[in-house]
Amino acid sequence: MNLISRFKCYCIPLSVSFPLSLLGISFQRSSFYSGAATEWSTGQSTSFSNQIDVVNEFTTYCYQRDLPKAMKALNSMQKHKLWADAITYAELIKCCIAHSAIKQGKIVHQHVFSNGYEPKTFLINTLLNMYVKFHLLDEAQVLFDQMPERNVVSWTTLIAAYSNAELKEKALEMLIMMLRDGVKPNMYTYSSVLRACNGLSNLTQLHCCIFKFGLESDVFVRSALVDIYAKWGELQAALHIFNEMVTGDLVVWNSIIGGFAQNSDGDEALNLYIRMKRSGFKADQSTLTSVLRACTSLALLELGRQVHVHVIKFDRDLVLDNALLDMYCKCGSLEDANCTFNQMFEKDVISWSTMIIGFAQNGYSQKALDLFKVMRTSGTQPNYITVLGVLFACSHAGLVEDGKYYFESMKKLFGIDPGREHYGCMVDLLGRAGKLEEATKLIHEMKCEPDAVTWRTLLGACRVHRNMDLAEYAAKQILNLDPHDAGTFILLSNIYAKSQRWEDVANLRRSMTDGGVKKEPGCSWIEINKQIHAFILGDKSHPKINAIHEELNQIIGRLKEEGYVPDTNFVLQDLEGEQMENSLLYHSEKLAIVFGMMSLPKGKTVRIRKNLRICGDCHVFAKLLAKMENRSIVIRDPIRYHHFQDGACSCGDYW
DNA sequence: CTAGGGTTAG
């Protein structure tokens, strides 16, 4: 039996209202209820005016947000079996929420159901909301189940709670129950439940309902639609809904900019940011976070620095600081990153992980491991990604023993089960160290299924250590899982060519053509004077391409005098023999480096981002050139960074 | 009384 039915029969609420002036309190409205009619008629000590005082006092404290005094007054009302009106209780409950006063909140809950009092739906909704804000969803659900009647707010409160708690199935289930119950969802309901979509078919259905109920014009519903389409990678759909909006506001700008930034379309994110500024909106912390993320993905250090200037205008914001930190790490400026990290007023697991990974990717593995030790004493618990960063640091510095130690003890030390990516790091660690058999064994021992990335890691190691048989095996595994991987196709066909297996080569080339597999051309980007210059292998559209080629040829000539020999001798090179040296010459990073040298002031670091991993020849080229020109060169490839200085690279030739 | 945006890996 629930609370309501248990007390129902006793209660005859009595409502008394009186002029505000009588109370001498200007801001409140009050009426009070008493379930104790029989008691004062039989001469109990509490007089009518005393009762007014008790409720009056309670009301005053509630509106003054004085929680301790209000709770004391509540206690006295409870004794006298008196009740205030629902709005006053709502004030008190707001106050409990603000103070995270769970105990007091539960007392209010008990009180409003005591002695047969029947709170209105409005008041129970307030209590529902309170439990939701306290993250006590089970309590909220119990209360919800006990409600004699539930309106759209009751349903929406719970649906939103499940959506926010990532209990998507539950949220969707509740929506269906709501519809079955004959309660019509409103814009609040839909803007909440959209986040609970499990996929596009779900989303399409909800979108149809929204359209049918005529709610698609609501700003909140629309921005929720924009957001969820973007989160599911349907950026064009998101943009379409966004562009149709008449009133947009800042939040929806942030949604759409964030959507592109998170889907690694930094370019479009920045375009939208410019559009937003032109429309007269001022960026806030959320906007800047997304803009920084766009800079990060495009490696736009100079633009990132400009954003930093705007960041310091705002109050400190952990998420924003983390994005700033990551921007400096990913743009290869460790000095700035370190500075940002040290100045942060608050650090969470993301800040630590970002910095650790930043050190590791930039070739400072020892610093990464040292920082991890500091983190362990700081009281912040490492997570899945932190450990990944630590293992990455070990694998890229050849620290086999450290890596094995952390991998084997991660469950015991940090309570984290090794996932596919952790295994991947270990395969990398063992593979690079030449322990190819051990690496293969580890893949077969994995608790989760290896994916194409895992096998590609092994293939990379085979390439370095020139193990053709294992490379063939790994390549076949990759093509099973990812039949469109052009790089692997070409690699495999070169393995066959090397062993004169021409029939296999022909078969492979045929299945490539049939499958429509195309190799992504190598591309490098450089930021100069707020402009991004892109260089693509074989593309001659850059206005200064002729001058660049001329300069490159001269540089190569000078480097050859210093002993540079173009390295066409990679056993598993991904190009056909006769094209090799010529193609190497025009690798996009060489063009970008030369253009950077020609355009940037003397001594300024040349920073390049590229879409493919750097090849051995370009690596040697950059090392020698950095020394000859006495200039730092930083190249970011999809996995890590190369800081070239004085004829050496921060990766220690181990990438 | 119920609703929307941002950070770490690959």
Side-chain angles (χ1 to χ4, degrees), chain A residues 86-87 89-91 93-94 97 119-130 132-133 151-161 163-164 185-195 215 218-228 230-231 248-259 261-262 264 269 283-294 296 317-327 329-330 348-358 360-361 382-392 419-422 424-425 451-454 456-457 638-639:
Chain A
I87 294 172
Y89 288 121
E91 286 299 316
I93 292 165
K94 267 189 226 161
I97 295 171
K120 291 178 189 163
T121 304
F122 165 82
L123 182 51
I124 308 179
N125 286 343
T126 311
L127 285 167
L128 271 183
N129 181 44
M130 176 187 82
V132 168
K133 292 279 152 59
N151 63 16
V152 59
V153 177
S154 330
W155 285 99
T156 302
T157 303
L158 226 59
I159 288 173
S163 265
N164 290 331
N186 63 13
M187 56 275 225
Y188 287 86
T189 324
Y190 280 112
S191 62
S192 297
V193 79
L194 276 169
R195 290 174 11 90
L215 295 169
D218 180 77
V219 192
F220 279 75
V221 172
R222 268 198 181 238
S223 61
L225 279 168
V226 168
D227 200 59
I228 194 73
K231 286 213 165 73
D249 59 8
L250 182 62
V251 172
V252 72
W253 276 107
N254 288 344
S255 270
I256 194 78
I257 294 171
Q262 283 157 49
S264 34
D284 69 358
Q285 287 105 313
S286 172
T287 328
L288 295 184
T289 306
S290 295
V291 172
L292 280 171
R293 183 157 170 171
T296 305
D317 180 316
L318 183 56
V319 175
L320 182 52
D321 282 349
N322 283 343
L324 185 67
L325 177 65
D326 192 42
M327 184 277 292
C329 286
K330 295 281 191 314
D348 65 358
V349 62
I350 294 181
S351 329
W352 288 98
S353 308
T354 304
M355 195 66 232
I356 289 168
I357 292 160
Q361 289 184 320
N383 67 11
Y384 190 95
I385 293 168
T386 324
V387 178
L388 211 54
V390 170
L391 295 178
F392 185 97
R420 188 180 287 143
E421 291 91 345
H422 297 104
C425 278
D451 63 359
V453 178
T454 320
R456 231 175 265 135
T457 309
I639 307 286

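First the proteins, then the strands, lettered A, B, ... as listed; each starts at 1.
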Could you tell me how far apart N186(A) (CG) and dT2(B) (P) are, to the nearest whole angstrom?
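It is 12 Å, rounded to the nearest whole Å.
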
Spacing between E421(A) atom CD and dA9(B) atom P, to the nearest angstrom
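The distance from CD of E421(A) to P of dA9(B) comes to 11 Å, rounded to the nearest Å.
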
Rounding to an integer number of Å, can you tell me how far I256(A) CD1 sits from dG6(B) C1'?
15 Å

Can you tell me the distance, in whole Å, between the CD1 atom of I93(A) and the C1' atom of dT2(B)?
14 Å

Quiz item: S192(A) side-chain donor-acceptor pair to dA3(B) base, under 3.5 Å:
no

If you compare every side-chain N and O of R222(A) against the phosphate oxygens of dA3(B) (OP1, OP2), does one of them come in below 4.0 Å?
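False: R222(A) side-chain N/O out of range (4.0 Å or more) of dA3(B) OP1/OP2.
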
Answer yes or no: does a side-chain N or O of K120(A) lie under 4.0 Å from OP1 or OP2 of dC1(B)?
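For K120(A), the contact criterion (side-chain N or O under 4.0 Å from OP1 or OP2 of dC1(B)) is not met.
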
Need one value for I385(A): base, sugar-phosphate or nothing, where a base atom within 4.0 Å counts as base even if backbone is also close, heavy atoms only.
base

So, is N129(A) close to the dT2(B) phosphate, meaning a side-chain N or O under 4.0 Å from OP1 or OP2?
yes

Check whether any side-chain N or O of K231(A) sits under 4.0 Å from OP1 or OP2 of dG6(B), and answer yes or no.
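Checking dG6(B) against K231(A), a side-chain N or O does come within under 4.0 Å of OP1 or OP2.
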
At under 4.0 Å, does any side-chain N or O of Q262(A) touch on OP1 or OP2 of dT7(B)?
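Result: yes.
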
D284(A) near the nucleic acid: base, sugar-phosphate alone, or nothing, with a heavy-atom cut-off under 4.0 Å?
base

Given dA9(B), is OP1 or OP2 found less than 4.0 Å from the side-chain N or O atoms of K330(A)?
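Checking dA9(B) against K330(A), a side-chain N or O does come within under 4.0 Å of OP1 or OP2.
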
